[in-house]
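Read through the structure below, which is laid out as structure tokens, and then see the notes.
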Amino acid sequence: MFFMNSLEQQINELAKAAVKSLYAVEATDEQIQLQKTRPEFEGNITLVVFPFVKIARKAPQQVAAEIGEWLMANGQKLIAKFNAVQGFLNLVIDDAFWIKQLEAIDADGQYGRFDRPSDKALPFREGEGVGSPLMMVEYSSPNTNKPLHLGHVRNNLLGYSIAKIQEANGWKVVKTNIVNDRGIHICKSMLAWLKYGNGETPETSGKKGDHLIGDYYVRFDKEYKKQISELMAAGKDEETAKREAPLMLEAQEMLRKWEANDPEVRALWAKMNSWVYAGFDETYKRMGVSFDKIYYESNTYLEGKSEVEKGLASGAFYRREDGSVWADLTKDGLDEKLLLRSDGTSVYMTQDIGTAKLRFQDYPIDKMVYVVGNEQEYHFKVLSILLDRLGFPFGKELVHFSYGMVELPNGKMKSREGTVVDADDLMDKMIEDAREISKDKVNTLQGITEEEANEIARKVGLGALKYFILKVDPRKNMLFNPAESIDFNGNTGPFIQYTYARIQSVLRKSVSPKDGLSSVSVSGFTGAAGLSLDSKELALIQRLCEYPATVRTAGEDFSPAILCNYAYALACDFNSFYHDLSILNEPDETKRALRLLLAKNVAKVLCSSMALLGIEMPDRM
RNA sequence: GGUCCGGUAGCUCAGCUGGAUAGAGCAACAGCCUUCUAAGCUGUGGGUCUCGGGUUCGAAUCCCGACCGGAUCACCA
């Protein structure tokens, strides 16, 4: 494995030695503060010397100069020169170091991938096995009563990307999905379909199954509201009307029948769910997400019920007079939580308990991560306590990866009211837009087949969508304005894809891509020839060196956004380099070889980082 | 009301484990294609980092307090 931040490590040690030698004090890691040199100053890496000013009893500028001199004298040629500005010691690293780094990166086929998670991320069963610890990542978790919308898109993209990022960090990852395939909401769609559907199917209507079912969910809500207002007009108050509306009573009856295994209800349920799954599969496939193991609530809720019963027996929970079962969480600073309704049916929490138990039976999970919106923070706080109370050792260790909502300009999306941005429609739109834009590219895309053009549009359109969503800090709410289309210019997925495509084009045109790529001689840049790295070349190498540490941080912080920022910065650096310096037309062979090597590795890292985001790269666009 | 999260350019967002003159993109304006892909590059304008205190050599960043916005505290999921 290529070690991360080798430069920072080396400077760290040198700086400690310098401080010890100059001021007879052992500096701590905390005191050695390194940062990238700001572009307006000369240098690559900067040591902040303020922490030593008191120790040295000298002016910051002088301390910086002294340390600089010492490093020059004792740094084994690592540091070519330095300048001291106020309390900042800017170090210029010798070209030879950078060339060696680039060669090491090029030689590393797994650059940016780790064998083991960092100590910081190690799980609670640490030290148990050899090999990689196992992380299970739950994401998506749809209800089967409506199609996926933009909120699900954010969830799916985050979940998939998190899984990829953790894999790169040395975890074995099992991607999982819990399908909420039962419950009152499903019954609502079923009931509406029975009453108003006239036997409509995906085949007869030509609609995707999930959309068809979604339509009936909306229909239920419409008819239900109508009944409520009728009841209210007849003198009932709103609460009573909501509770006594015939449609609601029927839906509840249907749920009871479902739990009682009523054959007719079950058959209808199975049929309608199968339509939905076919629709979901299509959407997932297109989105590029996948799962290693899918759980269905209908298979786990009984397990949950039996766990609740056990908890009841052990005194962890209690039953009220009406028969409902509760957990008292007041000692944990929370409320009382319902686990089973008075009619015996289970709720969301019940099911989650059962699912958790089954998962830990099925896999040797070291860390369980739930990718679920921040609106459910309370739920997972409670789940964690309940599992712990039921005696499951993993209860306390659950990670709720809580991400922010996607908001529209006028507020939240509401499925029942139809104010949602549909996932399928959005992907269609993005791909269409990409196709439209690429029509102007007659020069670069001439001679490609219709199929290739479609494939490029697909990658670019989805790339734009994915990057747009993933570049935002996952913890924060984000805004999506349907009236403004997602950009293809600037800080976007297509910008990074474009950079990659440019590099591929250069590599295709280089007479023999293999020639010269591996034969850059360090001495060519340090010996008598007197070659030196251009600042643009150097910036690129330095950026490439930051990749492994970026992957680490993205893993520890569960943040695809960090990788977006990195990939964008790398692409910016490359485009600037590409603009200023010629690769193929460079007459000096050593320089040309170096630039080709650089281009090749920039492409490699761009592709690798985008892959961790689930974004595919086109070879041309 | 309790708890949690957020407030940075006209808009969307970085930066937040304290460091140099707060950054990108979009939008606006001005340049750059007989030269490796102009989905690119360069430049201009645009800021009381919500407000007020505190900590210190140094605060967008940490602490306290306001104000504003959001989430949550269901026999919904």
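Chain naming here is simple, since letters A, B, ... match the order of the sequence lines and numbering starts at 1 in each.
Taking only side-chain nitrogens and oxygens, A:N489 comes nearer than 4.0 Å to OP1 or OP2 of B:rG40. Within the 4.0 Å cut-off from OP1 or OP2 of B:rC76, at least one side-chain nitrogen or oxygen of A:R341 is found. A sub-4.0 Å separation between OP1 or OP2 of B:rA14 and a side-chain N or O of A:K476 is present. OP1 and OP2 of B:rU3 both lie 4.0 Å or more from every side-chain N or O belonging to A:K381. Applying the 4.0 Å criterion to OP1 and OP2 of B:rU37, one finds that A:S505 has a side-chain N or O inside that range. Listed pair A:R508 / B:rC36 fails the phosphate criterion, with no side-chain N or O lying under 4.0 Å from OP1 or OP2.
Listed nucleotides B:rU12, B:rU37, B:rA77 differ in distance to A:I184; the shortest reach to its side chain belongs to B:rA77. Distance from the side chain of A:D473 is smallest for B:rA14 among the nucleotides B:rG19, B:rC36, B:rA14. Side-chain proximity of A:V472 to the nucleotides B:rA77, B:rA14, B:rA20 is greatest for B:rA14. In this structure, the nucleotide among B:rG70, B:rU37, B:rC41 sitting nearest to the side chain of A:N477 is B:rG70. Listed candidates were B:rC13, B:rC41, B:rU37. Nearest to the side chain of A:M478 is B:rC13. Closest to the side chain of A:V347, from the set B:rA77, B:rG40, B:rG70, is B:rA77. Of the candidates B:rA20, B:rC13, B:rU72, B:rU72 carries the atom nearest the A:Y378 side chain, counting heavy atoms from C-beta on. Among the nucleotides B:rA20, B:rG25, B:rG40, the one closest to any side-chain atom of A:H579 is B:rG40.
Using modelled atom types, no side-chain atom of A:R320 and backbone atom of A:S324 make a donor-acceptor pair closer than 3.5 Å. The backbone N or O of A:Q86 sits less than 3.5 Å from a side-chain atom of A:Q61, completing a donor-acceptor pair.
A:K225 and A:D221 are joined by a salt bridge, as a carboxylate oxygen and a charged side-chain nitrogen come within less than 4.0 angstrom of each other.
Judged by a 6.0 Å distance limit and a 45° cone about the ring axis, A:R182 is positioned over the six-membered ring of A:Y301.
Residues satisfying the salt bridge (Lys or Arg N to Asp or Glu O under 4.0 Å) criterion with A:K36, sequence neighbours excluded, are A:E546.
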- Task: Any chance you could lay out the ring pair (Phe, Tyr, Trp, His ring centres under 6.0 Å) test for A:H379 and A:Y348, step after step, and finish with the verdict?
- Result: CA-CA 9 Å; A:H379 172 82; A:Y348 187 43; 4.4 Å; yes
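The separation of B:rA27 from B:rU12, taken at their P atoms, amounts to 15 Å, rounded to a whole angstrom. B:rU72 and B:rC29 have their P atoms separated by 42 Å, with the value rounded to a whole Å. Separating the P atom of B:rU44 from that of B:rC26 is a span of 16 Å, rounded to the nearest Å. Using C1' as the reference atom, B:rC32 and B:rG46 are 24 Å apart when rounded to the nearest Å. To the nearest whole angstrom, the two C1' atoms, one in B:rG65 and one in B:rA74, are 34 Å apart. With both ends at atom P, the span from B:rA77 to B:rG19 equals 46 Å, rounded to whole Å. Here, B:rU55 and B:rC11 have their C1' atoms 36 Å apart, quoted to the whole Å. Comparing the P positions of B:rG23 and B:rG43 gives a spacing of 13 Å, expressed to the nearest Å.
Exactly one residue among A:K591, A:E586, A:E537 makes a side-chain contact (heavy atoms from CB on, under 4.5 Å) with A:L581. That residue is A:E537.
Between the side chain of A:N90 and the base of B:rA20, at least one donor-acceptor pair of N or O atoms lies under 3.5 Å.
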- Task: Report the secondary structure of RNA chain B in dot-bracket form, marking unpaired bases with a dot and bases paired to a different strand with |, and treating Watson-Crick or G-U pairs with both distances under 3.5 Å as paired.
- Result: ((((((((.[[[[.)...(...]]]].(((((.......))))).....[[[[[..)....]]]]])))))))....
List, with names and distances, any nitrogen or oxygen atoms from the protein found under 3.5 Å away from nitrogen or oxygen atoms belonging to nucleotides 55-58 of chain B.
from: B:rC57; atom 1: OP1; to: A:K54; atom 2: NZ; distance (Å): 3.3

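In this structure, A:N177 and A:S141 approach most closely via the heavy-atom pair OD1-N, 2.9 Å.
Between the OH atom of A:Y139 and the CZ atom of A:F401 there is a distance of 13.0 Å, given to the nearest 0.5 Å.
Taking the six-membered ring where the residue is Trp, A:Y568 and A:F495 present tilted rings, their angle falling between 30° and 60°. Between A:F88 and A:F50, the two ring planes are perpendicular [angle over 60°; tilted spans 30° to 60°].
The stacking criteria are not both satisfied for A:Y498 over the base of B:rG40, which would need a centre-to-centre distance under 5.5 angstrom and an angle between ring planes under 30 degrees.
Within the 4.0 angstrom heavy-atom criterion, only backbone atoms of the sugar-phosphate kind lie near A:K412; the bases stay farther away.
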